Enquirer: 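Before I ask anything, here is the structure I am working with.
Residue numbers count from 1 along this sequence. Computed from a predicted model, the values in this text were never measured in an experiment.
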Amino acid sequence: YPTWKRTLARRAREWQMKRFCRAQAIQRRLEEIDVTFRELEQQGIKLEKLLRHENESPADQQTQWTNQLLYLVQKKNNLVTEESDLMIAVQELKLEEQQCQLDQKLRSYMNKQETLKTPEDKEAEQEILEQLLEVVNKRNVLIQMQEERRLSEL
């Protein structure tokens, strides 16, 4: 029994560390995307100015600038998509953490013998179970949203 509890505690810590590392990686990538957005914005502004003010430039040059501008827009759209995917992942991590906490609370109530449970304990157990189901449903909605987006992109 004590070994079982230690194993569960160790696994919970491992999952906690995995979630933490994943959250850090997501945060780093979001910061990178933000920097890239600013760079793309500056490049786009320069190209727009060139296109507006250089009317006497050769047509080939204007076509090249237009193509570069379209490429920047496409790159920015890809970053927006990645950013929204990461934001969904952040929400998923939050819900996962919430689910883990609710699981622990529920286990503490379920480990208590039925004869020792007070009516308040039973009510709290039921409330935690309902919250847990709500979190699971929210996670399911997020997963469905991601799947629908992937299918629509294909």
Side-chain angles (χ1 to χ4, degrees), residues 1-49 51 65-154:
Y1 181 76
T3 305
W4 179 73
K5 272 190 167 181
R6 283 192 302 254
T7 302
L8 277 179
R10 182 176 42 81
R11 286 186 181 161
R13 283 192 306 271
E14 288 171 359
W15 275 104
Q16 189 79 13
M17 283 303 296
K18 276 186 177 180
R19 280 195 302 270
F20 179 72
C21 290
R22 190 168 165 221
Q24 279 185 323
I26 289 171
Q27 185 62 39
R28 271 193 306 274
R29 183 61 188 141
L30 285 171
E31 289 169 2
E32 290 170 3
I33 288 173
D34 190 42
V35 169
T36 307
F37 270 148
R38 282 190 239 121
E39 291 171 359
L40 291 175
E41 190 70 28
Q42 292 301 318
Q43 291 173 6
I45 289 170
K46 288 178 186 175
L47 286 171
E48 278 186 52
K49 285 181 181 177
L51 283 169
W65 289 337
T66 305
N67 288 339
Q68 286 176 350
L69 190 60
L70 290 174
Y71 173 75
L72 291 178
V73 169
Q74 182 184 15
K75 201 170 179 182
K76 187 174 179 182
N77 287 341
N78 290 341
L79 287 174
V80 167
T81 300
E82 184 181 356
E83 184 181 40
S84 65
D85 285 343
L86 290 173
M87 295 307 289
I88 289 173
V90 166
Q91 287 296 322
E92 195 172 342
L93 281 174
K94 285 179 183 177
L95 290 173
E96 194 174 303
E97 177 65 28
Q98 195 175 359
Q99 183 178 351
C100 184
Q101 291 172 356
L102 289 171
D103 275 338
Q104 289 175 350
K105 286 181 185 178
L106 187 61
R107 262 194 216 112
S108 69
Y109 282 112
M110 293 178 95
N111 286 338
K112 206 175 198 182
Q113 289 183 4
E114 201 62 40
T115 55
L116 299 176
K117 289 182 185 177
T118 64
E120 290 84 17
D121 288 341
K122 291 179 181 179
E123 186 177 315
E125 182 180 352
Q126 185 62 34
E127 189 175 311
I128 290 171
L129 186 60
E130 288 172 6
Q131 290 174 353
L132 189 59
L133 287 172
E134 187 177 313
V135 168
V136 169
N137 286 335
K138 286 179 182 178
R139 285 183 69 191
N140 188 40
V141 166
L142 283 177
I143 291 169
Q144 285 177 347
M145 276 178 31
Q146 281 180 318
E147 191 62 29
E148 287 173 5
R149 259 176 76 207
R150 285 191 186 115
L151 290 175
S152 69
E153 287 174 5
L154 292 176

Enquirer: Could you tell me whether a side-chain N or O of Asn140 sits under 3.5 Å from a main-chain N or O of Val136, the two making a donor and an acceptor?
Expert: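 Pair absent, no side-chain N/O of Asn140 close to backbone of Val136.
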Enquirer: Salt bridge (charged side-chain N to carboxylate O under 4.0 Å, His left out) with Arg10: which residues, sequence neighbours excluded?
Expert: Glu14
Enquirer: Please round to the nearest 0.5 Å and tell me the distance separating atom CG of Leu142 and atom CE of Met87.
Expert: 11.5 Å
Enquirer: Starting at CG of Leu79, measure out to CG of Leu86 and round the result to the nearest 0.5 Å.
Expert: 10.0 Å
Enquirer: Is any side-chain heavy atom of Glu83 less than 4.5 Å from a side-chain heavy atom of Phe37?
Expert: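 When only atoms from C-beta onward are counted, Phe37 and Glu83 do touch, with a gap below 4.5 Å.
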Enquirer: When rounded to the nearest 0.5 angstrom, what distance separates CG in Leu129 from CD in Gln126?
Expert: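 It is 5.5 Å, given to the nearest 0.5 Å.
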Enquirer: Could you tell me the separation between the CD atom of Gln146 and the OG atom of Ser84, rounded to the nearest 0.5 Å?
Expert: 9.0 Å
Enquirer: What pairs of residues pass the salt bridge (Lys or Arg N to Asp or Glu O under 4.0 Å) test when at least one of them lies in residues 139-149, not counting sequence neighbours?
Expert: Asp85-Arg149, Glu96-Arg139
Enquirer: Looking at every non-hydrogen atom in both residues, tell me the closest pair between Val135 and Leu95 and how far apart they are.
Expert: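 Of all heavy-atom pairs spanning Val135 and Leu95, the closest is CG1-O, 3.3 Å.
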Enquirer: Of all residues at least two apart in sequence or in a different chain, which pass the salt bridge (charged side-chain N to carboxylate O under 4.0 Å, His left out) check with Arg29?
Expert: Glu32, Glu82
Enquirer: Is there a side-chain contact between Glu39 and Gln42 in this structure, where contact means two heavy atoms from C-beta onward sitting under 4.5 Å apart?
Expert: no
Enquirer: Using the salt bridge (charged side-chain N to carboxylate O under 4.0 Å, His left out) criterion, which residues pair with Glu92? Sequence neighbours excluded.
Expert: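 Scan of Glu92 (salt bridge (charged side-chain N to carboxylate O under 4.0 Å, His left out), adjacent residues dropped) gives none.
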Enquirer: Enter the distance from Arg150:CZ to Met145:CE here, rounded to the nearest 0.5 Å.
Expert: 11.5 Å
Enquirer: Rounded at 0.5 Å granularity, tell me how far CG in Leu102 sits from CD in Glu127.
Expert: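 Rounded to the nearest 0.5 Å, the CG-CD separation comes out at 10.0 Å.
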Enquirer: Please find the pair of heavy atoms, one from Ala89 and one from Ile26, that lie closest to each other, and give the distance.
Expert: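 Looks like CB-CD1, 3.7 Å.
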Enquirer: Kindly write out the residues that satisfy salt bridge (charged side-chain N to carboxylate O under 4.0 Å, His left out) with Lys117, not counting sequence neighbours, or none if the list is empty.
Expert: Glu114, Glu125
Enquirer: Please enumerate all residues that pass side chain to side chain contact (heavy atoms under 4.5 Å, CB included) together with Glu41, with sequence neighbours excluded.
Expert: Ile45, Lys76
Enquirer: Should Arg38 and Asp34 be marked as a salt bridge (Lys or Arg N to Asp or Glu O under 4.0 Å) after you check the CA-CA gap, both sets of side-chain angles, and the distance that decides it?
Expert: CA-CA 6 Å; Arg38 282 190 239 121; Asp34 190 42; 2.5 Å; yes
Enquirer: Under a 3.5 Å cutoff, is there a donor and acceptor pairing between the side chains of Gln104 and Arg107?
Expert: no
Enquirer: Is there a side-chain contact between Val80 and Ile33 (heavy atoms, below 4.5 Å)?
Expert: no
Enquirer: Of Lys94, Gln101, Gln99, which meets side chain to side chain contact (heavy atoms under 4.5 Å, CB included) against Glu97?
Expert: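 Considering Lys94, Gln101, Gln99, a side chain to side chain contact (heavy atoms under 4.5 Å, CB included) with Glu97 is found only for Gln101.
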Enquirer: Just wondering, more than 12 heavy atoms not from Lys112 lying within 6.0 Å of its NZ?
Expert: yes
